[in-house]
Amino acid sequence: MKFFPKSSKSSTQAIPESAEIPQHIAVIMDGNGRWARKRFLPRVSGHKRGVEIVRDLVKQCAQMDVKFLTLFAFSSENWRRPDDEVSFLMGLFIEALKREVIKLHDNNIRLVLIGDRSRFNADLVAQIESSEQLTANNTGLTLSIAANYGGRWDILQATNKMIKELPAKQGVFTEEDMAPYLSMHYAPEPDLFIRTGGEKRVSNFLLWQLAYTELYFTDTLWPDFDSKAFTAAISSYKQRERRFGRTSEQLTAGN
Ligand code: IPE
Ligand code: IPE
Ligand code: MG
């Protein structure tokens, strides 16, 4: 286990600071298949184009001084897809890691993978581990890739570890007890969630962590999610009033 500084407090336990620019952005990159179908291309060409969009978004986030970018690359339910698509996605993932990790490192970006690695082949696990190790001490953007990730899996694995490691609590736990065992323990909760591709659902992404996140849904398909589309998401975020349970009047009074 790597060392991570303690993250900010839970949004349900203490009111977080709201910054102009979201400190943590979490994205469901959806619509690759439909983008390809519209062009009479195989679904996989949408995934390929999707990787290029990831590269552009990472660059923009680093420039804007966003601290955490978390991307949903493969869900625990995506194994249900046809075998050839699953193998293509795994191949694309390992290729992209190999190709991009040096560039990430040169740009002071820390790479972290969240999700259950037990179903990945040894090659992919080795590539993930070496990429994480190489970039572990970088202090710029933290890029988290959620692969074979599911929000329910995350809550359950955290609960199981906590029960095992804290027997003195006799089964009575607080949010603070749970926090270090969750996959994203090193990051504040997302300020902004973006889902491309038109669906209005969370698809088992960060269920615990999205408690007070601002949600943004766009019909733009992921391979079309360019800097203009990203700027529109940021502008929408800037117009939100983050109340965390309080009234609007309390906010204007500065409480
Ligand atoms: C998102 O695009 C990528 C992954 C889930 C890996 P999709 O492949 O889900 O694209 P659509 O939703 O079928 O268009
Ligand atoms: C969510 O997209 C997962 C990823 C983007 C990795 P899906 O395309 O798998 O979501 P559903 O199945 O439409 O909910
Ligand atoms: Mg989809």
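As the structure is a computational prediction, the values presented were derived from the model and not from experiment. Quick note: residue numbers are just sequence positions, from 1.
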Distance-only donor-acceptor check, side chains [X] and [Y], under 3.5 Å:
{"X": "Thr247", "Y": "Arg243", "answer": "no"}
{"X": "His24", "Y": "Gln209", "answer": "no"}
{"X": "Lys161", "Y": "Gln157", "answer": "yes"}
{"X": "Ser144", "Y": "Tyr186", "answer": "yes"}
{"X": "Glu189", "Y": "Thr213", "answer": "no"}
{"X": "Asp177", "Y": "Thr174", "answer": "yes"}
{"X": "Thr142", "Y": "Arg110", "answer": "yes"}

[X] side chain near [Y] side chain, heavy-atom distance below 4.5 Å:
{"X": "Glu77", "Y": "Asn148", "value": "no"}
{"X": "Phe93", "Y": "His47", "value": "no"}
{"X": "Asn138", "Y": "His105", "value": "yes"}
{"X": "Pro22", "Y": "Phe68", "value": "no"}
{"X": "Glu129", "Y": "Leu113", "value": "no"}
{"X": "Arg99", "Y": "Arg55", "value": "yes"}
{"X": "Thr70", "Y": "Ile25", "value": "no"}
{"X": "Arg242", "Y": "Phe244", "value": "yes"}

Inset, instruction - Please test Phe72 against Arg195 for side chain to side chain contact (heavy atoms under 4.5 Å, CB included), starting from the C-alpha separation and ending with a verdict. - result: CA-CA 10 Å; Phe72 206 6; Arg195 181 174 188 143; over 6 Å; no
Inset, instruction - Evaluate the side chain to side chain contact (heavy atoms under 4.5 Å, CB included) criterion for residues Ile163 and Phe173: first the C-alpha distance (whole Å), next the side-chain angles of each, then the deciding distance (0.1 Å), finally the verdict. - result: CA-CA 9 Å; Ile163 290 171; Phe173 302 105; 3.8 Å; yes
Give the minimum heavy-atom separation between [X] and [Y], together with the two atoms involved.
{"X": "Ala36", "Y": "Ser45", "answer": "CB-OG, 3.8 Å"}
{"X": "Ile155", "Y": "Thr159", "answer": "O-OG1, 2.6 Å"}
{"X": "Ser76", "Y": "Gly150", "answer": "OG-CA, 3.4 Å"}
{"X": "Asn32", "Y": "Pro223", "answer": "OD1-CD, 3.4 Å"}
{"X": "Leu206", "Y": "Pro190", "answer": "CD1-CG, 4.0 Å"}
{"X": "Cys61", "Y": "Phe230", "answer": "SG-CZ, 3.8 Å"}

So if you build clusters from Ile, Leu, Val, Met, Phe, Trp, Tyr with side-chain heavy-atom gaps below 4.5 Å, do [X] and [Y] land together?
{"X": "Leu134", "Y": "Ile145", "answer": "no"}
{"X": "Ile28", "Y": "Trp208", "answer": "yes"}
{"X": "Val101", "Y": "Leu57", "answer": "no"}
{"X": "Leu156", "Y": "Trp153", "answer": "no"}
{"X": "Ile109", "Y": "Val51", "answer": "no"}

Inset, instruction - Kindly determine whether Leu182 and Met178 satisfy side chain to side chain contact (heavy atoms under 4.5 Å, CB included), including the steps that lead there. - result: CA-CA 7 Å; Leu182 288 161; Met178 175 93 145; 4.0 Å; yes
Quick one: [atom1] on [X] to [atom2] on [Y], what's the gap to the nearest 0.5 Å?
{"X": "Leu104", "Y": "Leu141", "atom1": "CG", "atom2": "CG", "answer": "9.0 Å"}
{"X": "Ile234", "Y": "Ser227", "atom1": "CD1", "atom2": "OG", "answer": "11.5 Å"}
{"X": "Phe217", "Y": "Lys200", "atom1": "CZ", "atom2": "NZ", "answer": "7.5 Å"}
{"X": "Ser131", "Y": "Leu111", "atom1": "OG", "atom2": "CG", "answer": "6.0 Å"}
{"X": "Ser75", "Y": "Asn204", "atom1": "OG", "atom2": "CG", "answer": "7.0 Å"}
{"X": "Lys103", "Y": "Lys59", "atom1": "NZ", "atom2": "NZ", "answer": "8.0 Å"}

Inset, instruction - Determine, for Arg34 against Glu199, whether the closest basic-nitrogen to carboxylate-oxygen distance falls under 4.0 angstrom. - result: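 Here Arg34 pairs with Glu199 in a salt bridge, since their nearest N and O are under 4.0 Å apart.
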Inset, instruction - Flag the pair Glu52 and Arg49 as a salt bridge only when some basic side-chain nitrogen lies within less than 4.0 angstrom of an acidic carboxylate oxygen. - result: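 Looking at Glu52 and Arg49, the cut-off is met.
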Inset, instruction - Classify the angle between the aromatic ring planes of Trp79 and Phe120 as parallel (below 30°), tilted (30 to 60°) or perpendicular (above 60°). - result: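 If you compare the ring of Trp79 with that of Phe120, the planes turn out tilted.
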Inset, instruction - Please work out which of the three classes, parallel, tilted or perpendicular, describes the rings of Phe205 and Tyr149, given edges at 30° and 60°. - result: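 Perpendicular: the ring planes of Tyr149 and Phe205 meet at over 60°.
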Are there more than 12 heavy atoms of other residues, nucleotides or ligands under 6.0 Å from atom [atom1] of [X]?
{"X": "Gln170", "atom1": "CD", "answer": "no"}
{"X": "Asn137", "atom1": "CG", "answer": "no"}
{"X": "Asp83", "atom1": "CG", "answer": "no"}

Legend entry - Among Asp191, Asp65, Leu192, side chain to side chain contact (heavy atoms under 4.5 Å, CB included) partner for Gln23: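 Among Asp191, Asp65, Leu192, the one that satisfies the side chain to side chain contact (heavy atoms under 4.5 Å, CB included) with Gln23 is Asp191.
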Inset, instruction - Have a look at Phe225 and tell me which of Ile194, Val27, Asp30 forms a side chain to side chain contact (heavy atoms under 4.5 Å, CB included) with it. - result: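 Only match with Phe225 under side chain to side chain contact (heavy atoms under 4.5 Å, CB included): Ile194.
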Inset, instruction - Go through the steps to decide whether Leu97 and Ile128 satisfy the test side chain to side chain contact (heavy atoms under 4.5 Å, CB included), and finish with yes or no. - result: CA-CA 7 Å; Leu97 276 178; Ile128 290 167; 3.8 Å; yes
Legend entry - Face-on cation placement of Arg37 at Trp35 ring, 6.0 Å and 45° thresholds: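 Here Arg37 fails the 6.0 Å and 45° test against Trp35.
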